[in-house]
Amino acid sequence: MQQERPCDLKLQINGERSFFINQKILGSFSGRMRKMTTKQEKTRDRPFIGVDEMNMLDFPGEPDNFELVARFCYNNGRIAMNPSNICALHCSAVFMEMTEELVPCNLISQAETFLDGLFYWTWDEILTSVKTCEHFFQNAESSGLLQRLLSSLLAKISANSEASLLTNSTLLGYSSSSSPDTSHFGFSNTPKSHDAIRPSKEWWFDDLTILHPNIITKIMTSLNAYGSDNKNLILTKFLLHYLNKVTHNGDQSKQIYGGLADTVIYGVVLIGRKAFSCRGLFWVLRVVTSLGISKDCRQNLESLMGQMLDYATLDDLLVSGHGAVYDVNLVLRLVKIFVDGAVTLPRMKKIGNLLDKYLGEISPDQNLKIDKFLRLAKSLPDSARNCFDGVYRAMDIYLESHPALSLEDRSRLCRCLNYEKLTCEACRDLAKNPRIPPRVAVQALLVLQHTQVRPQAMGFPWPTETQRKAVYHKGLVTPKIVLPSPSSYFPEPKEDPKFNMKKTRLKVTDLENVCNNMKDKMSLMAKTNDIDIEKNRRINHHHKAHNVSRLSLPRLC
């Protein structure tokens, strides 16, 4: 019976935890341990009686993995292996140089023998082993262990899905002949929740979301679908599913997930309209925005979104922005892309209606600046709107939500209106609106007066040719112009009463002068028409004037 050996070495692993071990026992199995103790003895001038202290840095994974190695050595080269510890044992054995040159059937040899049955493992066993590799990713990758695990994992997916992910049989270093036929063990390898039915092509999406992004990147690279090489719809959908869960969990490191986010965008842009709707593209943007996508990828995605913008809804545009409630800059970029695309007029009018709704929705936002509001309102040509009532309503909401605006800012805000495309009701409301500057109210009144020339702007039809001749023969009666009282469209004075009263009188005087000029012009037109009618009556005295029906012009609002 082997006698108990004393502990003569205090070994610290990765600066985290210390183990008291026997140098001779571990040195008999580990080449690295033997080199460390030999080097320690050469540095001494005389024999040392006591406990040595050494540090072992860069050990794979956690200190618990070293405990597994120590148990193997103290148990004369025996340890129970399973999918949960095989990766830690294998990488630790490679790091500790536990080869056959020291003892037969050393730890590396036993781990390799256990891994020979990898293709007969269940799905859950392979996934568990792959998950453990995230703690010592570099060691698992350099030793080739991670590549072997992923090869078996992808073989399970391909064998039990409608679409194959392995486009090359030797993609991961294994030929098809070395991979056993998985049909003979059924698909007990699939998760238990899928045993009762045939798994769909996306059954593995949720299972792989537990893996570290470094491992997901390794999978995509192995399948030649990383970065701009991504041309696989199934892998693109999986990455979207994976990144969506990441954003919900709050783990949004740009350095870790940025490459995967770019890979998603390359796949989405390549597939384009074939697989993603406009709403789907907005969802994609929301998923990847916080993950640090590159500038080129963002531009490519927004270009595709802008081309399909007429399929968007108001909910799609209400995207959260950085430091603001709404991402107005995004909407401006998308509208510009859409307008530059030389689209048809019906599609343009559809965007005009959508943008008016968006303006009305974001107007109460206190962070929305006047310049942004004007840029949005003017981002479309006038032909995109049949009328500007929607823009006026949004502008009125903005003025009501921002009562501290100066007269200059309120006047500048009104520049987005096309008064000739405002309906009668909108012009009347604008003229009486106390939040509208007086000069703008006068412009609205002028539009109202011109309804005699273009009655259709007030909602009246154009007169027919017979009606116009009848009016000319009977004479034109100048309608009475009724202006709203100054108090209906001038704001109440808030500062110096005398100064405000004087300013109000001047504005009223200007308004009365404008109205008097218009009355003079309309009276002159009436006299001219009377002369023409009298002349025509003398020339055409044989006509029966009394048979012409009397028609009255519609009153002005």
Side-chain angles (χ1 to χ4, degrees), residues 154 163 165 167 201-202 204-206 208-209 211-313 315-324 326-341:
L154 294 173
L165 298 179
T167 55
K201 59 185 178 182
E202 299 177 356
W204 47 276
F205 280 20
D206 283 331
L208 263 59
T209 55
L211 299 180
H212 192 271
N214 288 338
I215 297 178
I216 300 299
T217 300
K218 179 68 176 177
I219 292 176
M220 301 297 294
T221 304
S222 301
L223 293 172
N224 294 326
Y226 185 76
S228 58
D229 295 329
N230 181 21
K231 301 177 181 179
N232 192 307
L233 176 60
I234 298 298
L235 292 177
T236 298
K237 288 185 175 181
F238 161 69
L239 282 183
L240 284 170
H241 182 81
Y242 179 81
L243 295 178
N244 184 46
K245 186 173 182 179
V246 166
T247 55
H248 279 83
N249 292 340
D251 185 8
Q252 302 176 13
S253 174
K254 295 181 179 180
Q255 295 180 348
I256 299 178
Y257 296 99
L260 293 177
D262 284 352
T263 302
V264 164
I265 300 304
Y266 281 117
V268 169
V269 171
L270 181 65
I271 299 167
R273 304 188 183 189
K274 297 179 180 178
F276 292 92
S277 64
C278 186
R279 168 159 290 189
L281 294 178
F282 275 95
W283 177 79
V284 170
L285 183 63
R286 284 194 289 270
V287 170
V288 302
T289 292
S290 60
L291 301 178
I293 57 176
S294 63
K295 184 178 179 180
D296 291 340
C297 287
R298 188 180 186 93
Q299 289 177 347
N300 292 336
L301 179 60
E302 290 182 1
S303 177
L304 184 60
M305 295 168 62
Q307 297 170 19
M308 302 171 62
L309 190 60
D310 52 326
Y311 294 98
T313 63
D315 291 337
D316 297 332
L317 297 185
L318 298 177
V319 183
S320 298
H322 301 287
Y326 307 106
D327 196 345
V328 179
N329 292 328
L330 171 64
V331 177
L332 284 170
R333 292 194 297 268
L334 296 181
V335 172
K336 185 178 185 304
I337 294 172
F338 183 84
V339 173
D340 293 343

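All values derive from a computational prediction rather than experimental measurement.
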Would you indicate whether the side-chain heavy atoms of [Y] and [X] approach each other to under 4.5 Å?
X: Ile337; Y: Leu309; result: no
X: Ser277; Y: Tyr311; result: no
X: Ile219; Y: Tyr226; result: no
X: Leu285; Y: Arg298; result: yes
X: Val268; Y: Phe276; result: yes

* Return yes if some donor-acceptor pair links the side-chain N/O of Asp262 with the main-chain N/O of Ile293 below 3.5 Å, else return no. => no
* **Any donor-acceptor pair under 3.5 Å from Asn244 side chain to Val246 backbone** => no
[atom1] of [X] to [atom2] of [Y]: how many Å apart, nearest 0.5 Å?
X: Asn230; Y: Thr236; atom1: CG; atom2: OG1; answer: 3.5 Å
X: Asn300; Y: Ser294; atom1: CG; atom2: OG; answer: 8.0 Å
X: Thr289; Y: Arg286; atom1: OG1; atom2: CZ; answer: 9.0 Å
X: Gln307; Y: Cys278; atom1: CD; atom2: SG; answer: 11.0 Å
X: Leu211; Y: Lys218; atom1: CG; atom2: NZ; answer: 14.0 Å
X: Ile216; Y: Thr209; atom1: CD1; atom2: OG1; answer: 8.5 Å

* Asked: With sequence neighbours left out, what residues match Lys231 under salt bridge (charged side-chain N to carboxylate O under 4.0 Å, His left out)?
  -> none
* **Partner residues of Asp340 under the salt bridge (charged side-chain N to carboxylate O under 4.0 Å, His left out) criterion, sequence neighbours left out** => Lys336
* Does the pair Tyr257 and Tyr242 meet the rule for a side chain to side chain contact (heavy atoms under 4.5 Å, CB included), with working shown? -> CA-CA 10 Å; Tyr257 296 99; Tyr242 179 81; 4.0 Å; yes
List the atom of [X], the atom of [Y], and the distance in Å for their closest heavy-atom pair.
X: Ile256; Y: Pro213; result: CG2-CG, 2.9 Å
X: Ala261; Y: Leu291; result: CB-CB, 4.1 Å
X: Phe205; Y: Ile234; result: CZ-O, 3.7 Å

* side chain to side chain contact (heavy atoms under 4.5 Å, CB included) between Phe282 and Met305: does it pass, once the steps are laid out? -> CA-CA 8 Å; Phe282 275 95; Met305 295 168 62; 3.6 Å; yes
* Could you walk me through whether Phe338 and Met308 pass the side chain to side chain contact (heavy atoms under 4.5 Å, CB included) check? -> CA-CA 8 Å; Phe338 183 84; Met308 302 171 62; over 6 Å; no
* To do: For the pair Phe238 and Trp204, evaluate ring pair (Phe, Tyr, Trp, His ring centres under 6.0 Å) and give the outcome as yes or no after the intermediate values.
  => CA-CA 9 Å; Phe238 161 69; Trp204 47 276; 5.1 Å; yes
* Show your reasoning for whether side chain to side chain contact (heavy atoms under 4.5 Å, CB included) applies to Thr263 and Leu235. => CA-CA 10 Å; Thr263 302; Leu235 292 177; over 6 Å; no
* Just do the side chain to side chain donor-acceptor pair (under 3.5 Å) check on Thr313 and Asp316 with the steps written out, would you? => CA-CA 5 Å; Thr313 63; Asp316 297 332; 3.1 Å; yes
